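Quantities reported herein were computed from a predicted structural model and do not represent experimental measurements.
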Amino acid sequence: MPARAVFIVLALLSMLHLYIGMRLVPAIDPGPLGVAVAVALLAASTLLMPAGLLSVRFKRWRWSDQLAWAGMLTMGLFSSLLVLTVLRDVALLVLAVFGAAGQPVVRGTAIAVPLVALGVTLIGLVNARRVARVVEVEVPIAGLPAALHGYTIVQISDLHVGQTIKRGYLNAIVTRVNALKPDAIAITGDTVDGSVRRLRAHTEPLGRLAARDGAFFVTGNHEYYSGADEWIAEMRRLGLTVLMNQHVVCERGDAALMIAGVTDFTAHHFNESHRSNPRAAAAGAPDHVTVRILLAHQPRSAPAAADAGFHLQLSGHTHGGQFFPWNLFVPLQQPFTAGLNRMRDLWVYTSRGTGYWGPPKRFGAPSEITRVRLVAA
């Protein structure tokens with residue numbers, strides 16, 4: 001990160017922390033020692049967040065992983081603290097209009113804000129770090145051949161192996177996926193946050209993924225931040241089938257199903273030859289293919305997927321918002337936030353993600369391993 005950008009981030013964080021301090025500390029009136037402690041904690045928070053994000057640059061330092069954890073946990077706490085402080089100010093303004101914003105209310109709400117923020121952050125940490133639960137989804141397909149009834153695809157998405165998600169976390173995910181004994185496995189992007197050189201040992205468990213028709217991988221936007229070409233080669237080395245505007249045909253008797261994959265919706269900004277193209281991904285499919293499934297990292301690939309004649313699109317990217325209030329902003333960019341939705345003749349399933357990005361925090365948007373089962377409509 002350039003020095004100027006670091007300065008801007010620190011200045012913005014300083015102002016936001018100053019706002020929190022000025023709105024809460026005087027109202028709590030903790031005494032001189034309490035004020036000193038509050039100022040020290042707010043100053044530490046201001047510095048820890050950018051330090052945590054930059055900790056990868058200090059990889060040779062013995063405590064770099066601990067710095068990353070401290071920075072990411074602080075980011076999660078700060079987010080809730082800021083949102084709750086703003087909501088408190090709005091509530092006090094409304095109460096003042098009705099003459100109900102007395103000193104006990106002002107002090108009580110000021111005490112409540114950091115306590116609630118801490119509670120939400122701790123609950124969010126537990127939710128983020130436990131092994132993702134399995135979500136069962138049935139997708140009705142018109143004209144589904146009997147031989148393909150019950151065909152299962154296990155989807156994992158948005159693992160974000162990097163600063164706080166390491167080999168042990170991924171090992172547990174892979175073990176749970178394999179236990180489901182799926183027909184196919186779909187990895188729908190944003191698997192990594194960092195270079196192959198730094199994370200190769202931590203992504204190694206992906207090589208254990210096993211399914212009758214194989215494990216398939218498509219790129220997400222974070223692969224392009226992390227060196228997409230190197231990661232594509234690494235995923236192939238691990239035995240995954242990388243689908244870059246391509247498809248494979250899976251057969252059951254006389255019935256055939258196509259699993260296609262596209263590069264990330266924004267891939268062309270990094271490499272024009274990687275431009276996402278659902279129609280190209282379906283090109284040349286045999287005539288006896290009756291079911292078309294597309295793996296596309298972002299839900300906003302759906303209109304093009306519908307135009308190309310796909311029956312089902314599996315996506316991720318949104319994290320389901322991960323935690324409040326970010327879930328409110330997802331619809332500004334994506335057509336769907338989470339779950340099974342319909343766009344014309346296309347079903348779109350959007351995973352809430354199997355890992356998390358940034359703060360190890362999930363609140364109201366649990367991580368998931370998705371077991372998609374095809375059934376006759």
Quick check: closest heavy atoms across [X] and [Y], and the distance to 0.1 Å?
| X | Y | result |
| --- | --- | --- |
| His317 | Pro299 | CB-CD, 4.3 Å |
| Pro182 | Thr152 | CA-OG1, 3.5 Å |
| Ser301 | Phe265 | OG-CD1, 3.7 Å |
| Leu312 | Leu346 | N-CD1, 3.5 Å |
| Val218 | Val262 | CB-O, 3.5 Å |
| Pro145 | Thr290 | CG-OG1, 3.3 Å |

Item to complete: Look at Asp307 together with Arg344 and state whether they make a salt bridge at an N to O cut-off of under 4.0 Å.
Response: yes
| query | Ion pair present between Arg200 and Glu230, side-chain N to carboxylate O less than 4.0 angstrom? | reply | no
Do [X] and [Y] belong to the same hydrophobic cluster, where Ile, Leu, Val, Met, Phe, Trp and Tyr are linked whenever their side-chain heavy atoms lie under 4.5 Å apart, directly or via other members?
| X | Y | answer |
| --- | --- | --- |
| Leu82 | Phe329 | yes |
| Leu159 | Leu180 | yes |
| Ile173 | Leu240 | yes |
| Leu170 | Ile185 | yes |
| Tyr169 | Val161 | yes |

For [Y], does its backbone N or O pair with a side-chain atom of [X] as donor and acceptor, under 3.5 Å?
| X | Y | value |
| --- | --- | --- |
| Asp193 | Gly162 | no |
| His202 | Arg167 | yes |
| Arg275 | Thr263 | no |
| Lys361 | Gly124 | no |
| Gln322 | Trp357 | yes |
| Arg236 | Thr241 | no |
| Arg252 | Ala255 | no |
| Ser351 | Gly353 | yes |
| Arg88 | Arg23 | yes |
| Asn178 | Arg208 | yes |

Step by step, would you call Val291 with Met258 a side-chain contact (heavy atoms from CB on, under 4.5 Å)? CA-CA 6 Å; Val291 181; Met258 179 178 75; over 6 Å; no
Is any side-chain heavy atom of [X] closer than 4.5 Å to a side-chain heavy atom of [Y]?
| X | Y | answer |
| --- | --- | --- |
| Leu13 | Phe78 | yes |
| Arg176 | Val131 | yes |
| Leu144 | Tyr151 | no |
| Ser80 | Val116 | no |
| Tyr356 | Ser367 | no |
| Trp347 | Arg342 | yes |
| Leu257 | Val249 | no |
| Arg373 | Val137 | no |

Euclidean distance, [Y] [atom2] relative to [X] [atom1], rounded to 0.5 Å:
| X | Y | atom1 | atom2 | result |
| --- | --- | --- | --- | --- |
| Ile165 | Asp158 | CD1 | CG | 10.0 Å |
| Leu81 | Leu24 | CG | CG | 6.5 Å |
| Gln155 | Thr188 | CD | OG1 | 4.0 Å |

Kindly state whether the ring of His268 and the ring of His274 have centres lying under 6.0 angstrom apart. no
Check: Taking it one step at a time, do Gln298 and Asp264 satisfy side chain to side chain donor-acceptor pair (under 3.5 Å)?
Finding: CA-CA 7 Å; Gln298 300 196 37; Asp264 181 64; 3.1 Å; yes
TODO: Would you kindly say whether His297 and Glu223 are connected by a side-chain donor-acceptor distance under 3.5 Å?
DONE: no
Any side-chain donor near an acceptor of the partner, Asp190 and Tyr225, under 3.5 Å
no
With sequence neighbours left out, the residues meeting side chain to side chain donor-acceptor pair (under 3.5 Å) with Thr191 are none
Parallel, tilted or perpendicular: ring planes of Trp326 versus Phe323, cut at 30 and 60 degrees: perpendicular
*Step by step, would you call Arg197 with Glu234 a salt bridge (charged side-chain N to carboxylate O under 4.0 Å, His left out)?*
CA-CA 10 Å; Arg197 179 182 58 81; Glu234 178 65 8; over 6 Å; no
| field | Verdict with supporting geometry, Met72 and Gln163, side-chain contact (heavy atoms from CB on, under 4.5 Å) | value | CA-CA 9 Å; Met72 295 302 102; Gln163 288 182 302; 4.0 Å; yes
Hey, mind stepping through Val135 and Tyr349 against side-chain contact (heavy atoms from CB on, under 4.5 Å) and telling me if it holds? CA-CA 12 Å; Val135 174; Tyr349 186 82; 3.8 Å; yes
Please list every donor-acceptor pair under 3.5 Å in which a side-chain atom of residues 26-51 meets a protein atom from a residue at least two apart or in another chain.
unit_1, atom_1, unit_2, atom_2, d
Ser45, OG, His17, NE2, 2.6
Thr46, OG1, His17, ND1, 3.3
Thr46, OG1, Leu42, O, 2.9

Fill in: Glu368 vs Val134, side-chain contact (heavy atoms from CB on, under 4.5 Å): CA-CA, chis, key distance, verdict
CA-CA 6 Å; Glu368 65 180 82; Val134 177; over 6 Å; no
